[in-house]
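Residue numbers run from 1 in the order of the sequence given. Here the structure is a predicted model, which means the values were calculated and not measured.
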Amino acid sequence: MNKKIKTILVAEDDRTTRSVIKKVLENDGYNVIEGDRGEKSLFLALEKDVDAFLIDINMPGLSGIEICERIRSIDRYKFTPIICITSLGEESNLEEVFASGATDFISKPANPIILKARLKAHLNKVKHFNEMEQSRRYMNRYVSSKTQRIVEAYSLTGLLPAPERHTVCIMFTDVRGFTAMSQKISLEILFEGLSKNLGMQVDAVYGYSGYIDKFAGDGLMAIFEGDEMVENACRCALSIMETTRRNQAVGDRSAFPLGIGIHVGEVLIGNIGSAEHLDYSVIGESVNMASRLCSYAEPMHIDVSEQIAGLLNAHDLGFDDPKYITMKGIEEPVGIYHLRRVEP
């Protein structure tokens, strides 16, 4: 793959200085565009894709400082290197230069070695920053929003937050008959379908103000918080089921039959693991209950706990009569409610 040639805009009204700088940079492999006035330089910045700027402070028309300020107001140039060129006696203006958004400065006459070294260093910093931002964007697709915030706080403070008790709504989903399907469908096709199916579920969870705590095989665990957490979780589950049914009707191979379980209760949220590998997750009996509800749900059914049924207050949502089952570790029979929409 060919390496992208960096484009440098040299904003300098003195032709001789501009020509010298251009020759130095072109000999070092850069593409150079020139602006002899402030307005023209700003127009070129808007028209071209510039990787770095060399700007003379004293330019006819718009001054170098004004150019700097306007370049920094353009989104794609928020972090682009801007090196100001100053003459002897102008260094008293450096405070204003840096306040306008300049990255660095060099004095006239520009020393070619210093010019190339500083330009390369600043371009490398931007390259590293862009690589880090790209890594962060990719990481966002694999790590929950809650975990991202904890990682950012940890990177700033060096301290891991202590586990905290919270009341949350937990939703588990699971594909029914996945093992049987895996014996009939090629792994590649099955994996593609499962990825699309989980992607649909993730979109629904975030659409209803939840977040993904973890993926568990062919399903996921989602957390909902706040005053509307019960209603949000229920509407999210119904949305997932309705999308699945629509996809099944048109023969979409990713529309696997699902079972969903929802419970609300107190949990402990914190870091689990070792110093080498941590997971910021939710644990507690409430999590176990939601998981059990999911395991009992029939294909394309949403089973919720008695607590959910008691807290949900939405005129268009309702439940079938509860069924009572005995769960391992719980003495009294547990009521399970099948969530559904209420026909107007």
Side-chain angles (χ1 to χ4, degrees), residues 136 139-174 198 201-217 219-240 259-275 277-297 302-314 317 319 327-330 332 334-337 339:
R136 178 183 297 206
M139 184 183 72
N140 290 351
R141 303 182 66 180
Y142 290 91
V143 181
S144 76
S145 57
K146 192 84 170 183
T147 302
Q148 290 170 35
R149 291 193 291 271
I150 295 301
V151 170
E152 289 174 359
Y154 180 45
S155 68
L156 292 174
T157 65
L159 300 173
L160 289 172
E164 295 180 348
R165 290 181 178 269
H166 290 275
T167 297
V168 300
C169 199
I170 309 111
M171 180 182 80
F172 274 88
T173 73
D174 181 68
L198 289 172
Q201 295 183 50
V202 169
D203 289 342
V205 169
Y206 283 103
Y208 283 92
S209 303
Y211 68 88
I212 306 300
D213 182 85
K214 62 173 62 69
F215 292 98
L220 56 78
M221 171 183 167
I223 303 297
F224 298 82
E225 299 176 320
D227 295 338
E228 305 298 324
M229 59 185 175
V230 171
E231 182 173 343
N232 283 340
C234 290
R235 292 193 184 281
C236 174
L238 286 165
S239 174
I240 289 171
I260 297 180
I262 308 174
H263 179 58
V264 61
E266 189 178 63
V267 298
L268 196 65
I269 304 179
N271 295 286
I272 302 171
S274 68
H277 184 86
L278 288 169
D279 184 20
Y280 190 77
S281 189
V282 177
I283 62 171
E285 184 53 38
S286 295
V287 176
N288 298 335
M289 175 60 76
S291 178
R292 290 185 185 120
L293 288 167
C294 179
S295 66
Y296 280 103
I302 304 166
D303 283 354
V304 307
S305 64
E306 187 173 4
Q307 289 84 347
I308 292 287
L311 290 171
L312 183 63
N313 183 22
L317 303 181
F319 308 95
M327 288 187 178
K328 184 178 179 181
I330 302 176
E332 298 295 327
V334 175
I336 296 179
Y337 294 74
L339 175 69

*Asks:* Evaluate the side-chain proximity of E225 to I269: yes if any heavy-atom separation is below 4.5 Å, no if none is.
*Replies:*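 Result yes, sub-4.5 Å side-chain heavy-atom pair found.
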
*Asks:* Which atom names give the shortest non-hydrogen contact between M221 and V287, and what distance separates them?
*Replies:*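 For M221 and V287, the tightest heavy-atom pair comes out as CE-CG1, 3.8 Å.
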
*Asks:* Could you tell me which residues satisfy side chain to side chain contact (heavy atoms under 4.5 Å, CB included) with C236, sequence neighbours excluded, listed by chain and number?
*Replies:*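 If we apply the side chain to side chain contact (heavy atoms under 4.5 Å, CB included) test to C236, skipping adjacent residues, the hits are M171, A204, V205, Y208, F224, I240.
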
*Asks:* Which atoms form the tightest heavy-atom contact between I262 and A237, and what is the distance?
*Replies:*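 Shortest heavy-atom separation between I262 and A237 comes out as CD1-CB, 3.8 Å.
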
*Asks:* Could you pull out all residues at least two apart from S286 that satisfy side chain to side chain contact (heavy atoms under 4.5 Å, CB included)?
*Replies:*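 Expected list: I170, H263, V267.
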
*Asks:* Are the side chains of Y337 and D303 in contact, using a 4.5 Å heavy-atom criterion?
*Replies:*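 With C-beta onward as the side chain, the pair stays apart.
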
*Asks:* Drop me the distance from K214's NZ to F172's CZ, to the nearest 0.5 angstrom.
*Replies:*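 K214 atom NZ to F172 atom CZ measures 6.5 Å (nearest 0.5 Å).
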
*Asks:* Side chain to side chain donor-acceptor pair (under 3.5 Å) with N232: which residues, sequence neighbours excluded?
*Replies:*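 N232 satisfies side chain to side chain donor-acceptor pair (under 3.5 Å) with no residue once adjacent residues are dropped.
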
*Asks:* Would you give the length of the straight line joining atom CG of D227 to atom CE of M229, rounded to the nearest 0.5 angstrom?
*Replies:*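 Nearest 0.5 Å value for the CG-CE distance: 8.0 Å.
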
*Asks:* Using the side chain to side chain contact (heavy atoms under 4.5 Å, CB included) criterion, which residues pair with N288? Sequence neighbours excluded.
*Replies:*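 If we apply the side chain to side chain contact (heavy atoms under 4.5 Å, CB included) test to N288, skipping adjacent residues, the hits are E285, R292.
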
*Asks:* Partners of E266 by salt bridge (charged side-chain N to carboxylate O under 4.0 Å, His left out), sequence neighbours excluded?
*Replies:*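 In terms of salt bridge (charged side-chain N to carboxylate O under 4.0 Å, His left out), with neighbours along the sequence ignored, E266 is linked to R165.
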
*Asks:* Under the rule for side chain to side chain contact (heavy atoms under 4.5 Å, CB included), what residues qualify as partners of E231, not counting sequence neighbours?
*Replies:*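 By the side chain to side chain contact (heavy atoms under 4.5 Å, CB included) rule, E231 matches E228, R235, L312, A314.
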
*Asks:* Which heavy atom of C294 sits nearest a heavy atom of G259, and at what distance?
*Replies:*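 Residues C294 and G259, closest heavy atoms: SG-O, 3.4 Å.
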
*Asks:* Can you confirm whether V282 sits close enough to H166 that some side-chain heavy atom of one is under 4.5 Å from a side-chain heavy atom of the other?
*Replies:*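 The answer is no; the side chains never approach within 4.5 Å.
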
*Asks:* To the nearest 0.5 angstrom, please state how far the CG atom of L238 sits from the CD1 atom of I302.
*Replies:*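 Rounded to the nearest 0.5 Å, the CG-CD1 separation comes out at 4.0 Å.
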
*Asks:* So, do V304 and L293 sit near enough that their side-chain heavy atoms are less than 4.5 Å apart?
*Replies:*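 A side-chain contact is absent here, since even the closest heavy-atom pair is not under 4.5 Å.
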
*Asks:* Which heavy atom of I308 sits nearest to which heavy atom of C169, and what is that distance?
*Replies:*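 In terms of heavy atoms, the two residues are closest at CD1-SG, 3.6 Å.
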
